[in-house]
Each structure stands twice: as C-alpha cells, then as structure tokens.
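This report refers to the structure that appears directly beneath it.
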Number of protein chains: 2
Amino acid sequence: MVTIKDIAKKAQVSVTTVSRALNGYDDVNKETRKKIIGVAEQLGYSPNIAARSLISKKTKTIGLLLSNVTRASSKDNIVFEVLCGMNDRAGELDYDLVLFSTTPQKQKIKSYKKLCNERGVDGVIISGIRLDDPYLEEIVSSDIPCVLIDIPLQGPNVGYVTSDNVKGAYTAVRHLLDNGHRHIGLINGHSQADVSIHRLKGYADALESCGIPYNEAYVVDGAFSESGAREAMYRLYSRFPELTAVFCASDLMALGAIQAVQGLGRLVPEDISVVGFDNIDLTAYHSPAITTVNQHKYETGYQAAQLLVDMLEGRNVNHHIVLNTELVKRESVRSLTRSNG
Amino acid sequence: MVTIKDIAKKAQVSVTTVSRALNGYDDVNKETRKKIIGVAEQLGYSPNIAARSLISKKTKTIGLLLSNVTRASSKDNIVFEVLCGMNDRAGELDYDLVLFSTTPQKQKIKSYKKLCNERGVDGVIISGIRLDDPYLEEIVSSDIPCVLIDIPLQGPNVGYVTSDNVKGAYTAVRHLLDNGHRHIGLINGHSQADVSIHRLKGYADALESCGIPYNEAYVVDGAFSESGAREAMYRLYSRFPELTAVFCASDLMALGAIQAVQGLGRLVPEDISVVGFDNIDLTAYHSPAITTVNQHKYETGYQAAQLLVDMLEGRNVNHHIVLNTELVKRESVRSLTRSNG
DNA sequence: CTGTTAGCGCTTTCAC
DNA sequence: GTGAAAGCGCTAACAG
C-alpha cells in the first residue's frame, strides 16, 4: 500500500506538503505540487478512506435500509427500480451506497444509531418499513440525516419522498366511476402503511365526488401481497357479488385479486374490472393487461439520493418531495356505459 | 461520539483493557469485563469502524461492481435477484455490501485497484461485464479477492459462479427437437459473453445429437436486449421462413423475438415456437406463457457471497461453482408430432 | 490479569 | 511555501 509518507520520501518533501498538494490547497508551490502529483501517480497512490474519515468524520457513503431485498421479492421490482435511481444519483454526486442487511432479528440486537455509527455512513435512506416500526422513533430522535421513502416524517435531519397517493387513487377510482361502475371494492395494503392511508382517502374522495356513500365493508386489507389479496378478494367477492370493480393498492395485489376472480369462475374485465397501483412491468404483459397507476420509482430513488446529499452538504432545500402519478389505461377495466373502457 | 477512552475513564481501567474486554479476549477478569460491558452499553458505545480498519486492514465490506443497476434495467430483474441472494448471505456472514457506481466514464478515470483501495473493501463481486472489458485484466492481476459471475476466470484470488449454460441450452433445444422441430434458429447475446459461447455450444450439441447439421446462418446476435432481438428476429425469420422454432439466449430477447413474429403477422406458438433462457417473472405472465430455462439467480448471488467470504477468510474451497438449470415448459412451444408440446 | 507505549494513514494547527 | 508535531479511535506488542 502506498501512503503519503512514501510519496513524501520520494518527492523529498514532508507529508504535510503532500497532503496539501494532493488536496488542492493553494499554498503550495506550483513546482512542488506538480512534482508531488507526478510521484503520486507514478506510485499508484490512492488515499486511505479509513484514515481520512477518522479525522473528517465523513465517509461519502449513504446507508440503505431496505426491506424487500431478500428472497422472493423479485416480482416486486419496485425496490429495485428505486435502488437504480439512488445508485445513479449517488454515483453522480460521488457517494457510494452501502446496503445494510436488516433482518428483523438483527434490528432487535442493534440499534439504528449504532448501525449507522459503526458503518460510518454520512446519512441513510430508508424504505419499506412500517409506521409502527420501532426504528422510526430512533430515526427521528437521532441526529443522523435521513431520507424516508413513503413515510411522512420531517425534521431538521429528516426528509421524505413519496408519490401523490391520494390523487393517484382518486384518478384510478374516478376512472372506474366514469366507466359506469358504482359498486367498487378496495383491496388496501395494511394500516401501518402511509400509502394505504392516502390511497384509501383517494378512493373515498372519488366516491364522494360522485355522491356514492362510502361503504366500509367494501374495503379490505391484502397485506400488499399476491396471496393476501387473493384471499381478500375471495372473501370480498363472495360476500358482495354486486361488485363490478375493485381497486387494488398495488399491482401485486391486483394479480392476486384477478386470480381469485378466475378461481371463482369469473372473468376480468367482463365480470369485474380491476385497477392496480405501481405499474410494475408484469402489468403490461399480463392477460388481460392491467390498468394501473404509474409510480415514478426510479425518480423516487433519484430524488431521495439528491435530497439526502443536499441535507448532508447543508443546502437549504424542501425536505418534502411528492411525485406525480398517472393512470395507465389497459385492458382490465370494462365500461358499463359503452362497449369499451 | 462515545470512544473506548470514555469507557476506560468511567470504568477506571485502561483503554487496552476495554478493547480486550469488548473484543472477547479471555485474558480479562470476569468482573472487569462485566463492568466494562455494562459501561459500554450504558454509554451506547459503538466501535468506530474506520479506526479499526485502519489497523486491521479489514473492513468487513464487499464491493459490488454491477452493470445493469441503472435506469431502464427494470424488466431485467436478474441482477436484482442475484443482489438479493448476495445481500442475504453477506448479512448472515456479517458483511456489508457497498455498491460501486461504475459508469463507463468513471471506469476510465479510476482503476479497479484504486477503486477498491479507496473504498477499502475486502473483496469484490463483479457481474455483467463483457469479456473484453479492460477491467478484467486488472482484476486477475490484482491481489484483491474477487468473485465473478458468469465469467470463467480462476486464480488464487479469483473465483466464479455461473450456471450450466451448455446443458441448459442443450435441454432447451432438445425439447424443440423432441417436439419435431428441425429448423431451429438461435438468437444469441453477443460474442463477448461467456454465457453466449456456452449456450451456442449447447445449441450445436443438441442439433448434433439428432444428426442435424449446424447452420451458421441460423444463428444471430440480439445483444441480450428486447429491441436487439426484435430486429434480429425480423431479419432471421424473413430470410428463413422454413424456421419453425427459435431458441433465445435470454427471456428478454424471447420477448423481442415474439414481438417480431407478431409484427410479421404470425403467431407463437402456432407458426413458430420460442424458448427463452433465465425464467424471469414476465415469462409466466406473458401470453403465451414462455417456455424457458430456469436459472437460479438468487442462489447465484448467495453462492457468490459465500465463495468470496470463504476466500477472504482463508478457507480452502473450490473457486468454481456451477449451478444447475432446468427447463420450464409453458405455452410457447408447439409440438409438430402430436397435438401439444 | 492489566497498563504503557507506539503506531495505523491522514489532516491540521502552529511555527518558521 | 514548508515542516514538525499532535491526534482522530483503535489495536497490539511488551512489560509488569
């Protein structure tokens, strides 16, 4: 390993001068600097980050606390797209990403703060945790800058980026209403997800805009999973055969709901229309192709990285980013008024 | 920040003793140890990794050099699944993963070795680079332990994990042959991919096993992309209308090939049968569902992490891991002998 | 069993 | 413009 000491020796100067020259300080003689840089290159020097960050307390790394980066979350490539966005932006800003492997067991053992301190990350991006996750408390009270995805917390060191879930859900349900549907179910995620709360509101708002009373019994939770939604849809549809449409708070759940419909010997969209949320790739290839609400996943990650770095580098920016969504009309919605939705 | 110094002061011992107690050395009095651990916990101490690795030269981190963790690689969730596997195993073995953002531009500026040194990773896992990538040379000659995915290099510090691509391709093409197909095209990736070389061999071997002469003109490259394969298939099928089947070296390319077939007003599998490779999630939801060769993506990542850690910790293991593949029969292959394939 | 001392590679006062 | 020296938090001889 080549150190500045080696360079100093070879260039016949002190380590101090080497340090200054390499870090671009302007109080170094031009000739000296040139010489030092030459020697450094010749020796293939690269600075030791550990030593540097021991002093500066900065590591130029961002910690990632992501759930859903484990087995069998492959269909759910949302995390992946978000990750791609974070990776791209972090790279551009010259930060590296370190993935914390957070199994629930490990969480119990190691506190959030400890985790971050040990790994010496400058800040953290968190995604996929529940509102009742004990980590959340630690996060807000901690002084480590942090960006949350889909969790509305704000503070001097906490920001978040999310999608406009109310509007997204509203648009989806309005689309069903505009196509003549009057009995619309909702398969939501779970109560400890901020997006579920907002998507429920969008659903209710849309109904209200058409003067349709909100029926609590039409709303069930599917735990954001394919199987969860399948079960939920079985129950919902069996109990309320008058339903002509269902809005699912995620595409994965739309998949499950469709399976249930088919399991009951009915068809989508002939017997029941389905709208999902997320716009995962599968929806376009599924038969029927699934109408859904597009979420800008890549952008979410990109913005999260940007926001965190802004915070880290002391820029005064809005800690609250909300991205647009848009309805993607495909084949899983049938019009009850005319021939096609 | 709490340091061992703080603990030492409060526990009325020297820093050395604190260090030893906390690191589980057995030459510490039981009482002393208990006291120190107590104080450490009370103070919320967590060791500073930077300081520690400055001495030990170990960081317990694995660097990841992955292509395809950028925009628009979402359909290709292979990398993601591999990543999940690595993440899980690395977590179990108490290593963290750091994602190097390697844009081609950055690669030019910074050498592989420099990158690793600076970030102080103990070892590296590399995936998605071409055989003619300049990094490859550096990698073998470097002394940084490294595991490659789908690139057959071996050495004291280099290992790799891949799938049995010859057999996988062989099985796929045999399946077509067994269904009566005699004119079978191959849409391969590119010449600088090891998997392409092996899948071509499997294709040729299968033909040979049936006494069918290998026809070079039936083999084209699709660059592993949907659009590349679409173009390739247009050309191939227009030129050789006698083709009744095509084997694609990736599912993404199978998608593209099918689009071309449909673009020419033909149907899959009625007019032409298609077999893919990888078994990405889309294939099961596509209409028709695509017959493909399953690759154990998660396992690939899992094994890669395991192998690297084995190497890092000086265990004497085989540096060469080949995973099985298996044919997944679905709807994109038609039997020319009986009614159904 | 415990403490003293030195030093990992780097940055940063503070002199000169 | 340059260098000597101190110190970041930790570990590892080496004494005792």
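Keep in mind the model is a prediction, meaning the values are calculated, not measured. Labels below follow one simple rule: chain letters A, B, ... track the order of the sequence lines, proteins then strands, and each chain is numbered from 1.
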Thr17(A) (side chain) donor-acceptor with Val13(A) (main chain) under 3.5 angstrom
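No; zero donor-acceptor contacts below 3.5 Å.
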Throw together a table of side-chain donor-acceptor distances under 3.5 angstrom for residues 143-163 of chain B, partners on residues two or more places apart or in other chains.
from	atom 1	to	atom 2	distance (Å)
Asp150(B)	OD1	Thr162(B)	OG1	2.5
Tyr160(B)	OH	His320(B)	NE2	2.8
Ser163(B)	OG	Gln295(B)	OE1	3.0

Leu312(A) and side-chain contact (heavy atoms from CB on, under 4.5 Å): which partner among Leu307(A), Leu93(A), Asp122(A)?
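Going through Leu307(A), Leu93(A), Asp122(A) one by one, the side-chain contact (heavy atoms from CB on, under 4.5 Å) with Leu312(A) is satisfied by Asp122(A) alone.
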Whole-Å gap separating [atom2] ([N]) and [atom1] ([X]):
{"X": "Asn48(A)", "N": "dG9(D)", "atom1": "CG", "atom2": "C1'", "value": "14 Å"}
{"X": "Ile49(B)", "N": "dC10(D)", "atom1": "CD1", "atom2": "P", "value": "11 Å"}
{"X": "Lys5(A)", "N": "dA4(D)", "atom1": "NZ", "atom2": "C1'", "value": "13 Å"}
{"X": "Ile7(B)", "N": "dG3(C)", "atom1": "CD1", "atom2": "C1'", "value": "17 Å"}
{"X": "Lys58(A)", "N": "dC10(C)", "atom1": "NZ", "atom2": "C1'", "value": "17 Å"}
{"X": "Asp26(B)", "N": "dT2(C)", "atom1": "CG", "atom2": "C1'", "value": "14 Å"}
{"X": "Leu54(B)", "N": "dA6(C)", "atom1": "CG", "atom2": "P", "value": "18 Å"}

Run the side-chain contact (heavy atoms from CB on, under 4.5 Å) test against [X] and tell me which residues pass, sequence neighbours left out.
{"X": "Asp132(B)", "result": "Arg130(B), Gln192(B)"}
{"X": "Lys57(B)", "result": "none"}
{"X": "Ser46(A)", "result": "Lys114(B), Asn117(B), Glu118(B)"}
{"X": "Thr61(B)", "result": "Arg119(A), Thr59(B), Asp96(B), Val98(B), Val121(B)"}

Phosphate contact ([N] OP1 or OP2) by [X] side-chain N/O below 4.0 Å:
{"X": "Lys30(B)", "N": "dC1(C)", "answer": "no"}
{"X": "Thr17(B)", "N": "dT2(C)", "answer": "no"}
{"X": "Thr3(B)", "N": "dG9(D)", "answer": "no"}

Please list all pairs meeting ring pair (Phe, Tyr, Trp, His ring centres under 6.0 Å) that have one or both residues in residues 8-30 of chain A, counting only residues at least two apart or in different chains.
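Checked against ring pair (Phe, Tyr, Trp, His ring centres under 6.0 Å) - neighbours excluded - no pair reaches residues 8-30 of chain A.
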Pairwise ring pair (Phe, Tyr, Trp, His ring centres under 6.0 Å) hits with a residue in residues 39-68 of chain A, at least two apart:
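As it turns out, there is no ring pair (Phe, Tyr, Trp, His ring centres under 6.0 Å) pair with a partner in residues 39-68 of chain A once direct neighbours are skipped.
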Starting from the 5' end of DNA chain C, give me the residue, Ser46(A) or Gln12(B), whose nearest nucleotide shows up first.
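Here Gln12(B) is the residue nearer the 5' end.
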Report for the helix from dC1(C)-dG16(D) to dC16(C)-dG1(D): angle between first-end and last-end helix axes, five pairs each, rounded to 10 degrees.
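Answer rounded to 10°: the end axes differ by 40°.
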Salt bridge (charged side-chain N to carboxylate O under 4.0 Å, His left out) with Glu137(A): which residues, sequence neighbours excluded?
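With neighbours one apart ignored, the set is empty.
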How many angstroms lie between CD1 in Ile4(B) and CG in Leu22(B), if you round to the nearest 0.5 Å?
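Atom-to-atom, Ile4(B):CD1 and Leu22(B):CG are 8.0 Å apart.
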Of all pairs that satisfy salt bridge (Lys or Arg N to Asp or Glu O under 4.0 Å), the ones with a partner from residues 2-25 of chain A, not counting sequence neighbours
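Every candidate salt bridge (Lys or Arg N to Asp or Glu O under 4.0 Å) pair involving residues 2-25 of chain A fails, so no pair, neighbours aside, qualifies.
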Select base, sugar-phosphate, or nothing to describe what Asp27(A) touches, counting heavy atoms under 4.0 Å on all strands.
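Base contact.
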Give the B/S/- string for nucleotides 11-16 of chain D, one per nucleotide from 5' to 3', where a protein heavy atom under 4.0 Å of the base yields B, of only the sugar-phosphate yields S, and otherwise -.
BBB---
Using a cut-off of strictly less than 4.0 Å between a heavy atom of the residue and any atom of DNA chain C, enumerate the qualifying residues of residues 32-39 of chain B by number.
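Result for residues 32-39 of chain B: Thr32(B), sorted by number.
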